[in-house]
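Only one structure is covered here, and it is reproduced in the block below.
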There are 2 protein chains.
Amino acid sequence: MRRPAQTSRAAGAPARGAEQSESSEKKLFVDFLLDKNLKLTRQREAVVDEIFGGSGHFEAEEIVQRLKLNRSRVSRATVYRTLELLLECKLVERLELGGTGSYYEHVHPGEHHDHLICTQCGNVIEFHNEKLENMQAEICNNFDFQETHHSLRIFGLCSKCGQIPQ
Amino acid sequence: MRRPAQTSRAAGAPARGAEQSESSEKKLFVDFLLDKNLKLTRQREAVVDEIFGGSGHFEAEEIVQRLKLNRSRVSRATVYRTLELLLECKLVERLELGGTGSYYEHVHPGEHHDHLICTQCGNVIEFHNEKLENMQAEICNNFDFQETHHSLRIFGLCSKCGQIPQ
DNA sequence: ATTGAATATGAGACTAAATCTCAATTATAA
DNA sequence: TTATAATTGAGATTTAGTCTCATATTCAAT
Ligand SMILES: [Mn+2]
Ligand SMILES: [Mn+2]
Ligand SMILES: [Zn+2]
Ligand SMILES: [Zn+2]
């Protein structure tokens with residue numbers, strides 16, 4: 001399985017205009033930092049700018065490299081530390097796509113999607129289905145389980161790869 | 001989060017008597033091996049016996065250790081290699097419970113369940129919901145996606161941990 | 001039985017991702 | 001200023017898992 005980490009955005013998981021969200025989400029992050037007596041440093045800002053400015057699924061090391069090329073130098077340790085903070089305040093999610101390491105993605109508050117992962121070509125399709133979400137909530141309810149988050153990954157062959165019989 | 005890897009079996013994901021299944025599933029494995037011109041060696045047999053004899057979620061290293069204590073010595077490499085084979089023929093599934101490494105579990109052919117994972121105490125609850133499964137199939141259908149397998153993990157606080165407000 | 005080819009194993013080297021350490025730096029408040 | 005807390009980066013360390021390769025085993029064909 002290749003890992004090109006391509007991402008298809010499905011109807012139902014629409015792209016949000018980056019204009020409004022980027023700055024307001026950055027504010028959410030800053031508030032989160034202030035709340036914990038943490039500072040918005042040059043390095044942290046570079047990391048969030050890079051992440052909020054881009055799109056799709058990415059690896060931690062990718063951010064290190066992109067920053068190295070484009071703007072300021074930020075150490076791997078700081079990138080990981082900043083990702084940890086972004087996870088904590090729910091502006092970033094971690095995802096395991098079946099390979100070795102973790103991928104991350106920028107999440108817009110209140111939005112959520114799950115993933116179809118092609119094990120042949122690495123294509124990742126995002127989808128959202130409210131009925132499915134509701135059923136999950138019902139299941140949690142039945143078990144008196146207080147969900148914080150979930151991850152549904154469906155592995156298989158995308159439409160393109162399914163044509164060619166294996 | 002502790003990692004005691006306790007497992008609660010929910011109604012709807014009932015335990016199957018080990019009597020009948022264990023031997024017949026072992027036969028499935030042997031047939032699978034023969035089919036690929038692989039041999040049922042002393043070591044491979046020790047690994048499957050250990051796995052099919054036990055229950056719940058376990059780590060690879062756990063199998064190495066259990067075998068070291070109880071019966072034959074099998075190298076880590078061979079345990080990993082045998083797990084790979086068991087995954088391939090679908091008698092074992094790999095699962096990521098949020099910690100560092102992977103867990104595995106023995107799966108009975110045709111059965112399937114998903115997991116509620118308590119991030120507080122590590123308790124893992126298994127559940128199965130046919131309606132949910134059907135909806136997933138429908139989604140795959142919509143995307144012309146041929147599913148091979150999926151993994152739904154719901155993280156949060158179990159009934160016990162949810163009582164004590166964090 | 002002997003041989004030869006294919007298959008399997010184990011010890012330990014190796015890898016990759018992520019975390020940790022700690023000395024040096026920077027921010028903030030008194 | 002000075003003290004305190006927060007932050008950083010370089011590189012060491014950890015961990016889970018994979019890989020290598022010399023040796024051993026299996027099995028079918030003589
Ligand atoms: Mn996504
Ligand atoms: Mn399970
Ligand atoms: Zn594909
Ligand atoms: Zn719990």
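Naming: A, B, ... by sequence-line order, numbering from 1 per chain.
Aromatic ring centres of A:H112 and A:H149: separated by at least 6.0 Å.
A:R81 comes within contact range of at least one nucleobase, with a heavy-atom separation under 4.0 Å. Among the atoms of the strands shown, only primed sugar atoms or phosphate atoms (P, OP1, OP2) are found under 4.0 Å from some heavy atom of B:R44.
Residue B:Y80 places at least one side-chain N or O closer than 4.0 Å to OP1 or OP2 of D:dG17. Residue B:S102 places at least one side-chain N or O closer than 4.0 Å to OP1 or OP2 of D:dG17.
Projected onto DNA chain D by closest heavy-atom contact, B:A60 and A:K36 fall at different nucleotides, the more 5' of which corresponds to A:K36. Comparing A:A77 and B:V74 by the nucleotide of DNA chain C that holds the closest heavy atom to each, the one mapping nearer the 5' end is B:V74.
With salt bridges taken as basic N to acidic carboxylate O contacts below 4.0 Å, one links A:R153 and B:E96.
Taking atom CD of residue A:E84 and atom P of nucleotide D:dT8, one finds them 14 Å apart after rounding to whole Å. B:L34 places its CG atom 13 Å from the C1' atom of D:dT26, with the value rounded to the nearest Å. B:K39 places its NZ atom 6 Å from the P atom of C:dA8, with the value rounded to the nearest Å.
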Would A:K160 and A:N123 satisfy side-chain contact (heavy atoms from CB on, under 4.5 Å), going step by step from the backbone distance to the final call?
CA-CA 10 Å; A:K160 199 171 174 184; A:N123 185 23; over 6 Å; no

Between A:K68 and A:E61, does a salt bridge (charged side-chain N to carboxylate O under 4.0 Å, His left out) hold up when you go through it step by step?
CA-CA 11 Å; A:K68 194 169 286 180; A:E61 190 62 28; 5.9 Å; no

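The side chain of A:L38 sits closest to D:dT7 out of C:dT7, D:dA16, D:dT7.
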